[in-house]
Q: 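Dropping the structure in here first, questions after.
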Amino acid sequence: MKNESELVALFKVPNIKVFVPTLWLLNNCMRDDYYNAHVMIKYKVVENYFNGDSREWWNIYNDMQYKRVSQKPIIDKSMANHEDDFRKLINNMAKNGFDDNYPIIVNKYLRFVDGSHRLAVALYLKIPYVSIRCEEKSYNMDPEYSLKWFVENGFEAQAETIIN
């Protein structure tokens, strides 16, 4: 695409659904520096949910969500206490799969801006493709939750898990 308007216009075509391989989206979003490492914490929560549902990863997730929400005014404050909604999402996707009516929101580099919970669940459930959408407001967004962010915010112990 030559410019913002062309990419955004593509996603405005009536009834268009753009599908990308789930693993490709994750790899594209992580880049070389684990830029969106938060999705791996969410993946561990989903994995734990299906394999015993202990509190360890939920506690890490809840701490991460609280810090993310407190640092970024753009994130809805309800996301700080999101555990019940995340459980509902996990159950819904396990029963019904990925809902293409709610695509993952991406930026101009096709990196996700919104939808990391759904991406984590899709990865765990081995859903091969997910739908994406780019909007004018997401075009220039590029939220960073790299490994550096995790270390700086007290999640050093999870860094190895994120990398692996």
Side-chain angles (χ1 to χ4, degrees), residues 1-46 61-150 152-153 155 162:
M1 298 287 153
K2 293 179 183 176
N3 59 45
E4 174 180 345
S5 61
E6 288 183 8
L7 180 61
V8 172
L10 170 67
F11 286 93
K12 288 183 178 177
V13 173
N15 302 315
I16 191 169
K17 291 193 180 194
V18 178
F19 293 89
V20 297
T22 308
L23 282 174
W24 176 87
L25 183 60
L26 174 67
N27 289 331
N28 188 59
C29 293
M30 293 294 258
R31 305 187 326 201
D32 294 335
D33 58 357
Y34 300 95
Y35 197 75
N36 283 289
H38 62 111
V39 76
M40 298 317 298
I41 298 296
K42 294 167 186 167
Y43 180 90
K44 289 300 291 183
V45 168
V46 176
Y61 166 79
N62 288 327
D63 289 347
M64 176 190 73
Q65 287 295 103
Y66 176 78
K67 287 189 182 197
R68 290 177 66 221
V69 168
S70 66
Q71 293 172 358
K72 301 279 185 178
I74 195 167
I75 300 175
D76 187 306
K77 299 304 177 216
S78 68
M79 296 299 285
N81 299 309
H82 196 59
E83 183 176 331
D84 290 340
D85 289 335
F86 194 15
R87 287 178 183 276
K88 289 175 187 172
L89 174 69
I90 294 167
N91 288 327
N92 183 286
M93 287 182 67
K95 181 179 178 183
N96 302 310
F98 186 89
D99 187 345
D100 298 323
N101 293 312
Y102 298 96
I104 293 172
I105 306 301
V106 298
N107 67 11
K108 62 186 170 188
Y109 304 113
L110 301 180
R111 294 187 186 116
F112 64 83
V113 170
D114 184 39
S116 59
H117 289 84
R118 288 173 284 143
L119 179 59
V121 179
L123 287 163
Y124 182 82
L125 296 175
K126 297 181 178 18
I127 296 171
Y129 293 89
V130 293
S131 58
I132 62 171
R133 181 176 73 222
C134 184
E135 301 171 341
E136 287 181 61
K137 67 181 182 179
S138 68
Y139 185 82
N140 287 310
M141 289 182 175
D142 206 8
E144 178 191 356
Y145 295 104
S146 66
L147 223 42
K148 179 182 174 198
W149 181 91
F150 277 84
E152 289 173 350
N153 285 277
F155 296 97
I162 290 168

Q: Roughly how far, to the nearest 0.5 Å, is the CG atom of L125 from the CD1 atom of I90?
A: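 Going from CD1 on I90 over to CG on L125, the span is 9.0 Å.
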Q: At what distance, to the nearest 0.5 angstrom, does CG of L23 lie from NZ of K126?
A: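 Result: 9.0 Å between the selected atoms.
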Q: Can you tell me how far the SG atom of C134 sits from the CD1 atom of I104, to the nearest 0.5 Å?
A: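 C134 atom SG to I104 atom CD1 measures 13.5 Å (nearest 0.5 Å).
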Q: Are L26 and M40 side-chain neighbours, meaning at least one heavy-atom pair lies under 4.5 Å?
A: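 When only atoms from C-beta onward are counted, M40 and L26 do touch, with a gap below 4.5 Å.
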Q: Please check: side-chain N/O of K67 versus main-chain N/O of N153, any donor-acceptor pairing under 3.5 Å?
A: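 Yes, K67 side chain to N153 backbone: donor-acceptor pair under 3.5 Å.
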Q: Does N36 reach the main-chain N or O of C29 with its side chain, forming a donor-acceptor pair under 3.5 Å?
A: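 Indeed, once roles are kept as given, a pair shorter than 3.5 Å links the two residues.
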Q: When you compare the side chain of I41 with that of F150, does any pair of heavy atoms fall below 4.5 Å?
A: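 Yes, at least one pair of side-chain atoms sits under 4.5 Å.
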Q: Treating S138 as the side-chain partner and V106 as the backbone partner, does any N or O pair qualify as donor plus acceptor under 3.5 Å?
A: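 Yes; judged by distance alone, with no hydrogens or angles, the pair exists.
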Q: Over 60° means perpendicular and under 30° means parallel, so tell me whether H117 and Y61 are parallel, tilted or perpendicular.
A: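 Perpendicular, since the angle between the ring planes exceeds 60°.
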Q: Measuring from atom OG of S116 to atom CD1 of I105, what distance do you get when rounded to the nearest 0.5 angstrom?
A: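 If I round to the nearest 0.5 Å, the distance is 12.0 Å.
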Q: May I ask you to decide if W24's main-chain N or O and N28's side chain share a donor-acceptor pair within less than 3.5 Å?
A: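 Flag not set: sc N28 to bb W24 has no pair under 3.5 Å.
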Q: Does F19 CZ have over 12 foreign heavy atoms under 6.0 Å away?
A: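 Result for CZ/F19: enclosed.
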Q: Could you check if a side-chain atom of Q65 sits within less than 4.5 angstrom of a side-chain atom of E83, using non-hydrogen atoms only?
A: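 With C-beta onward as the side chain, the pair stays apart.
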Q: Grab the two heavy atoms, one from A120 and one from K42, that are nearest each other, plus how far apart they are.
A: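 Residues A120 and K42, closest heavy atoms: CB-CB, 3.6 Å.
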Q: Quick one: does any side-chain atom of T22 pair with a main-chain N or O of P128 as donor and acceptor, under 3.5 Å?
A: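 Judged by distance alone, yes, a pair lies under 3.5 Å.
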Q: Hey, is the main chain of M141 close enough, under 3.5 Å, to the side chain of N107 for a donor-acceptor pair?
A: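 It does hold such a pair.
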Q: Is it true that a side-chain atom of N92 and a backbone atom of K88 form a donor plus acceptor pair closer than 3.5 Å?
A: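 Between the backbone of K88 and the side chain of N92 there is no qualifying donor-acceptor contact (under 3.5 Å).
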Q: Would you name the heavy atoms of Y129 and P21 that are closest together and state the gap between them?
A: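 Closest pair (atom of Y129, atom of P21, distance): CD2-N, 3.5 Å.
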Q: Distance from D100 atom CG to F98 atom CZ, nearest 0.5 Å?
A: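 These two atoms lie 6.0 Å from each other.
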Q: Is there a donor-acceptor contact under 3.5 Å from the side chain of R118 to the main chain of P103?
A: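 Here the side-chain-to-backbone pair exists.
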Q: Within this structure, what is the OH-NZ distance for the pair Y124 and K44, rounded to the nearest 0.5 Å?
A: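 Nearest 0.5 Å value for the OH-NZ distance: 10.0 Å.
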Q: For the residue pair V121 and F86, what are the closest heavy atoms and their distance?
A: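 So the minimum-distance heavy-atom pair works out to CG2-CE1, 3.8 Å.
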